[in-house]
Amino acid sequence: MSEALGRRGFLGMAGAAGLAAIAGCGVDNGTAVGPKQGGRLRAVYAGGGAKEVLDPHVQSLFVDIARHKAIYEKLVELGPDLKPVARLAAKWDHDGTATTWRFTLRDATFHDGAKLIADDVLYSLSRIADPAVPERVAQSSLATLDLKRSKAIGPSTVELVLTQPNAEFPALLAGIGTQIVRNGFKDPAKPVGTGAFRYVSFEAGRSMVASRYADYWDEPARIEELQILSADSEARANAVQGGQAEYANDMTATFARMAGKAVQVVAAKASTMQAFVMKVDQPPFDNPDVRLAFKLLADRQRLVDVVLAGRGEVGNDLFGKGYQYYPADLPAPERDVDRAKSLLAKAGLVGREVEIFTADASAGFVEAATLFAEQVAEAGVRLKVTTGSPQTYAKDLLTKGAIGNHRSGAMPIPQYITDRLLSHSPFNVTHWRRPAFDAGFAAARAVTDEAERSRRYGVLQKTLRDEGGILAWGLPDYLVAVSAKVQGVQAVPPNTLDQGRFDKVWLA
């Protein structure tokens with residue numbers, strides 16, 4: 001993604017917008033004051049320039065997600081363990097086969113005073129599924145939803161029918177781009193949601209302003225106004241340190257190490273993943289011995305210490321540590337250079353060169369690739385580091401390079417598999433395509449008994465760890481910087497309910 005503003009651009013924009021310091025907040029004789037009403041909070045995120053959108057069903061950037069979260073809501077959100085929790089849907093159940101689901105809506109109102117009803121849900125899902133707008137990001141995850149057979153059961157209950165059983169369906173409704181809009185919603189430039197903040201203004205690549213919604217069902221926000229701004233990494237750091245923002249998202253470990261006393265760093269421990277991804281259908285990684293050798297060559301602790309500045313944990317080639325369905329009994333492979341040399345010699349790779357495709361698309365990518373090249377060289381293989389465009393890297397990686405960098409934020413493990421590890425997954429960067437794996441996953445997802453479903457997922461994940469193309473070397477902390485004025489920010493993974501919950505924070 002492109003960064004919207006540099007340091008000077010952010011400072012100039014902040015001045016032009018007339019961003020005054022928050023009035024009436026601070027401390028009383030050195031003692032922190034309790035929760036207060038009032039004030040404006042300025043939150044700064046990595047920018048996407050003209051790519052930023054107000055349409056809640058077309059989003060991929062953290063800054064878009066934050067803006068939509070303030071204004072709109074979903075039926076379901078994700079808790080810190082990535083299990084689904086109730087939001088606009090107060091409760092749900094299914095028919096015993098996980099094919100037909102009923103969701104009971106809570107008493108909530110849109111910003112224009114209209115009550116939330118079942119027809120709003122059906123309209124929202126139909127809008128997401130519209131094949132004429134393929135950029136609506138939840139289309140693939142909700143592909144099994146049969147809208148022709150789904151219906152309203154009175155104003156406060158909606159029945160959703162699937163084409164195949166899926167015990168994970170509520171979690172899919174918590175995915176990116178699943179917000180509920182008003183029935184008949186047409187113009188994203190005039191957003192009306194049920195969220196804690198009411199839309200005021202928006203300029204792509206720069207800023208959105210929203211005001212406190214007094215009739216919000218889940219206790220109105222304490223702050224009166226929220227401004228979400230776009231800036232690159234350096235500008236975010238300067239803004240929160242210089243008092244031009246009270247909250248800065250997705251900060252680097254380097255910043256965390258150097259932040260002054262005026263800034264607090266809130267760390268969600270080991271809640272994201274950094275990996276090298278090997279295409280299992282291309283030489284040399286179509287050879288399972290080579291994939292295993294590269295996994296054995298990774299000095300994971302060294303990568304964590306250097307690339308993440310120690311702000312994270314060692315990974316074990318699987319996504320989702322600490323989340324529901326994670327097989328905690330599978331340890332990380334220990335480094336074994338001698339065994340790796342033997343495997344690479346058997347494969348005829350010793351003395352040859354392999355290209356690793358990387359880019360400055362995420363903090364640490366190039367550094368990780370460079371350090372890993374040094375580690376692989378110990379086994380007699382030259383890993384040539386080639387850099388691409390950071391703006392297009394995520395898309396380029398699907399087709400370029402036999403090995404590259406990968407980062408994932410928080411999501412349920414079944415969603416990660418759906419998006420990245422099935423034969424027809426849209427983001428299958430390892431080219432892992434096994435019909436038997438696809439069938440096993442579909443069968444596991446249909447099991448309504450949670451313990452048995454978890455067992456089956458564990459078997460599939462062991463196969464991925466042992467045979468797949470993901471070398472997940474590290475689990476970085478997710479870092480947020482906040483001014484000492486800000487209270488109530490929780491250390492939770494990104495993409496979960498309480499991350500970026502600006503209706504729950506206050507200015508001391």
Modelled atom types, side-chain donor and acceptor of Y45 and E52, under 3.5 Å: no
Separation between CG of L78 and OH of Y323, rounded to the nearest 0.5 Å: 10.0 Å
Approximate separation, where rounding is to 0.5 Å, of D112 CG and T194 OG1: 11.0 Å
I'd like a table of donor-acceptor pairs (distance under 3.5 Å, sequence neighbours excluded) in which one partner is a side-chain atom from residues 208-215, with atom names and distances.
from	atom 1	to	atom 2	distance (Å)
R212	NE	A221	O	2.5
Y213	OH	T109	OG1	2.8
Y213	OH	F110	O	2.9

Partner of F372 by side chain to side chain contact (heavy atoms under 4.5 Å, CB included), out of D299, N405, I403: I403
Check: Y247 and V240 side chains under 4.5 Å, non-hydrogen atoms: no
F169 side chain near L160 side chain, heavy-atom distance below 4.5 Å: yes
Test: R106 and D218 ion pair at under 4.0 Å: no
Salt-bridge present (R300, D317; N to O < 4.0 Å): yes
Any donor-acceptor pair under 3.5 Å from H57 side chain to A129 backbone: no
With D477 via salt bridge (Lys or Arg N to Asp or Glu O under 4.0 Å) - residues at least two apart: K269, R311
Non-neighbouring partners of R445 that pass salt bridge (Lys or Arg N to Asp or Glu O under 4.0 Å), sequence neighbours left out: none
